[in-house]
Amino acid sequence: MKEVSVYVHIPFCIQKCYYCDFFSAPADDQLKRDYMSALLRQIEMTEWDNRIIKSLFIGGGTPSVLPSFFIEEMTGRFREKAKFAPDCEISMEVNPGTVDREKLSRYFVCGINRLSIGLQSADDRELKALGRIHTFSEFVDAFEAARMIGFWNLNIDLISSIPGQSPESFQRTLRTAAGFLPEHLSVYSLILEEGTEFYRRRNELVFPDEDTVVKTDEFTREYLREKGYVRYEISNYAREGRACRHNCVYWQRGTYLGFGAGAASLIEDGDIHKRYTILRDVKEYARRMLAGPENLQCVMTDIQQLSRRERMEEFMYLGLRMTDGVSAEHFLHDFGIPIREVYGGILDEMTVKGLMDVEGGGEQERFFLTERGFDVSNVVMAQFLLT
Amino acid sequence: MDQQKFIRNFCIIAHIDHGKSTLADRIIEKTGLLTSREMQAQVLDNMELERERGITIKSQAVRTVYKAKDGNEYIFNLIDTPGHVDFNYEVSRSLAACDGAILVVDAAQGIEAQTLANVYLALDHDLDVFPVINKIDLPSAEPQRVIDEIEDVIGLEAQDAPLISAKNGIGIEDVLEQIITKIPAPSGDTEQPLKALIFDSLYDSYRGVIVFFRVMDGNVRKGSRIRMMATGAEFEVVETGYFGAGQFLPCEELTAGMVGYLTASIKNVKDTRVGDTITDVANPCTEALPGYKKVLSMVYCGLYPADGAKYPDLRDALEKLQLNDASLFYEPETSIALGFGFRCGFLGLLHLEIIQERLEREYGLDLVTTAPGVVYKVYKTNGEVTELTNPSNLPDPSEIDYMEEPIVSAEIMVTTEFVGSIMTLCQERRGVSRGMEYIETTRALLKYDLPLNEIIYDFFDALKSRSKGYASFDYEMKGYERSELVKLDILINREEVDALSFIVHAGSAYERGRKMCERLKEEIPRHLFEIPIQAAVGSKIIARETVKALRKDVLAKCYGGDITRKKKLLEKQKEGKKRMRQVGNVEIPQKAFMSVLKLDND
């Protein structure tokens, strides 16, 4: 039995947030219906063989804009076609402005055991400035409803360094969010991405300067540590044992399959490792799937076979996103060569510069970023490219 | 000889933007490529044409055929002259290959500094010059005023000057007819020994050097044994021909009065210097044509390959460029910061830019250029005199008695309202006024002696911006004068970067140093540590800036769909590093080495 993780992308939103560059598209009801049918078709056509689903993540976009019967139907379809591990983590992203108690109950009933609730800020003016469609009090309702229903694994998404946001205001947001005692917190330092509303308005917006960003991140780390959260990745914090298992698969280069327009996959077939993405065009994806294709090739794009060198690079720059870093044993297992033979010089250099640290020895050796290393992680990770 | 009656060799001279190339295009358009007799021959010889196709010649010269109103067919050889003061010597050789010149003057702007300089140069070469008034269709055109100006200022008969618009094709016939009446036919002697003037050359990888020349006396044909009189090199001619529009058209022979090319399996352009005289080995002429000189470089800079491994490629490319351009000088040098490269000498800053661009474009080289400088004379206390082309070679101050720098005589023509601001500019650049003349009530000619090192960077731009584009400028070398000069060193992270040092007048050292530091602060990316940038004269620090340490560079989100993009970002980061030079533990972008060029842009 091979473990696999599954990601389902729901590229619909009521309104696109001003900072967001994730793939989403406007859609009428007919297109949504077609898209749902297409997704079900893709699940059916996938060769599940002996694979067992270790985690399922329904993300977007805003998956909660779809009617809840569809989530029931889809999870049902997965159960029909594939096996779920007994401890399978099934996550779903929800926007507080799109759910009520009934919807959440239905999610719970169909097996979803982890919700990621997008709060972003506890200040209604900031929410508006971010283009969010909900208020803080709607978040409170959604969060409390989820707890009442019995969700025991909840994440709250936050954004720091919002244009115009004072450090104090962010600190209030963080304290407020932590006060709800979620099992998990994701705190993203805002990145200005091309193609977003913020990018278009970048000249009129006031972004916090670098020193403020550094201080804000420091506060986040310190405060959440005090409150008993462990930072396990650049932007992710969790109670002991409550790290998002699905997301860890991305960083540890586990196998995952993407469903729906814009969803990415990493598959392993013998010695062949491939990344590909499903067409980033909702209509075209739906059209091709509903036409009853022979296989799924016709909706795949950006197919990229990874060389051994590329896999080593990924191993490093993805693995180092996590505070546990990368292990010598794991590297040796994957590539049949000691990590120090490939990266010894750079690892030593980074350690001397105080950007990385080492624990253990021999095969037990583990390499990870220091806090300073995390702050400038792009600089460090670029060192591990081999060309 | 009868044939010469129907040949006209001429060039077009003009101030920049007065319409020289547009007029040249119109002349080529309104005339034919071949005479009617040649036309038949060419049709038969179509294969030959095919063979030549695909080789585009840089249009240094073009031969066209004009059927005049008198019923005769005339051959026009239009010889292009470079339009920049850097190329004065080339201009003078091109002019020497002509019998006359068309002077194009803008009907709105009238005479400008380069107009004057070019006309005087043409008259010096005994060319018959006739004026043409261009752009008469502009609303602001004042042809009569310009005609009077030409007569008053230059003393050229201009009342019957063709009034044309080259852009709109107005009056071109007039110009063509006047070429016949106002420009004399060549008057060489075919019976005399061969005497021909090289005015340009081109290197072709199949045929070797293609020499562009004007036959003064005698004739040259395939199989002739020829000698270059200045270099002494001898060759057997493989092919002669003339210049079609973008093609080489081979012909039997070239005789006195004709303009054309020859190939002779010439491997080395150093053997075919512009200005040299070609003669016949068996029957040489007694003396060479006057005016040949070995040109001297005025501006020097270091050229380094961005990728050190490309050093041999750079050497080969420079060698090839020198085939075409004997005025390009280069010799190997080594820099601590930049590795192996070449110290190169140029006629001027434009020449430098052209060479740099050709190296990058035609030879695909990525270059690092150091700050251009002029040739200083260093008088040492032990009585020795050295010429300094590389600031790094400046002897220890204790060994220097004094130094001299090159000075030019400049003429600036400007409308009277800007005289004040231009005078200020010249004073800022350490200019010494040599008088002022009024050309007419609204325009003045300012004469200044200026240090060459004050004008090589951006003087022209400054002139344009301070006169709203109305000033025009020309200069010639005057000589050397004693000056208070110092070497300005740049220290990055407390290490001296030799490739950034330059010589500057003591009075401007502080200002230059400050600007240089500011500039470098913008160019050098932030590192993980703080980097001080200092300017120093000797051991004294005169300016300082700091590049702050990089504190934050993170991709906050990286999930399944972001990985490919994430990799691109890291690759870009790494790629950027490749375009950097490591000095100590600081990565300096290659363009920072040229930042000294842009000191006055703010």
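Because the structure is a prediction, the values reported are computed rather than measured.
- Inter-residue side-chain proximity for A/Tyr232 and A/Asp324 is flagged as unmet; no heavy-atom pair is nearer than 4.5 Å.
- Only the side chain of A/Tyr256 comes within contact range of chain B, with at least one heavy atom under 4.5 Å from a heavy atom of that chain.
- Evaluation of the side-chain contact (heavy atoms from CB on, under 4.5 Å) rule for A/Glu194 yields A/Tyr199 as partners, not counting sequence neighbours.
- Geometric assessment of A/Arg231 against the ring of A/Phe374 yields a positive cation-pi assignment under the 6.0 Å and 45° thresholds.
- A salt bridge does not link A/Glu193 with B/Lys557: none of the charged nitrogens is closer than 4.0 Å to a carboxylate oxygen.
- With a 4.5 angstrom heavy-atom cutoff, B/Lys572 does not touch chain A via any of its atoms.
- Remark: A/Asp302 engages A/Thr277, A/Arg280 in a side-chain contact (heavy atoms from CB on, under 4.5 Å) (not counting sequence neighbours).
- Looking at A/Leu190, there are no atoms closer than 4.5 Å to chain B (heavy atoms on both sides), in backbone or side chain.
- Counting heavy-atom pairs closer than 4.5 Å to chain B, the top residue among A/Arg372, A/Gln304, A/His246 is A/Arg372.
- Among the candidates A/Leu355, A/Val249, A/Leu266, A/Ile191, the residue making the largest number of heavy-atom pairs closer than 4.5 Å to chain B is A/Ile191.
- Scanning for side-chain contact (heavy atoms from CB on, under 4.5 Å) contacts around A/Ile346 gives A/Tyr343, A/Met350, A/Gln383, A/Phe384, with sequence neighbours left out.
- The greatest number of non-hydrogen atom pairs below 4.5 Å with chain B, out of A/Val213, A/Ile234, A/Val214, is found for A/Val214.
- Contacts between residues 524-533 of chain B and chain A, defined by a heavy-atom separation under 4.5 Å, are made by B/Arg526, B/Leu528.
- Within 6.0 Å of OH in B/Tyr510 there are 12 or fewer heavy atoms belonging to other residues, nucleotides or ligands.
- For B/Glu571, the parts sitting under 4.5 Å from any heavy atom of chain A are the backbone and the side chain alike.
- Within 6.0 Å of OH on B/Tyr559 lie more than 12 heavy atoms contributed by other residues, nucleotides or ligands.
- Ring geometry for A/Tyr19 against A/Phe198 counts as tilted: the plane angle lies between 30° and 60°, on a 0 to 90° scale.
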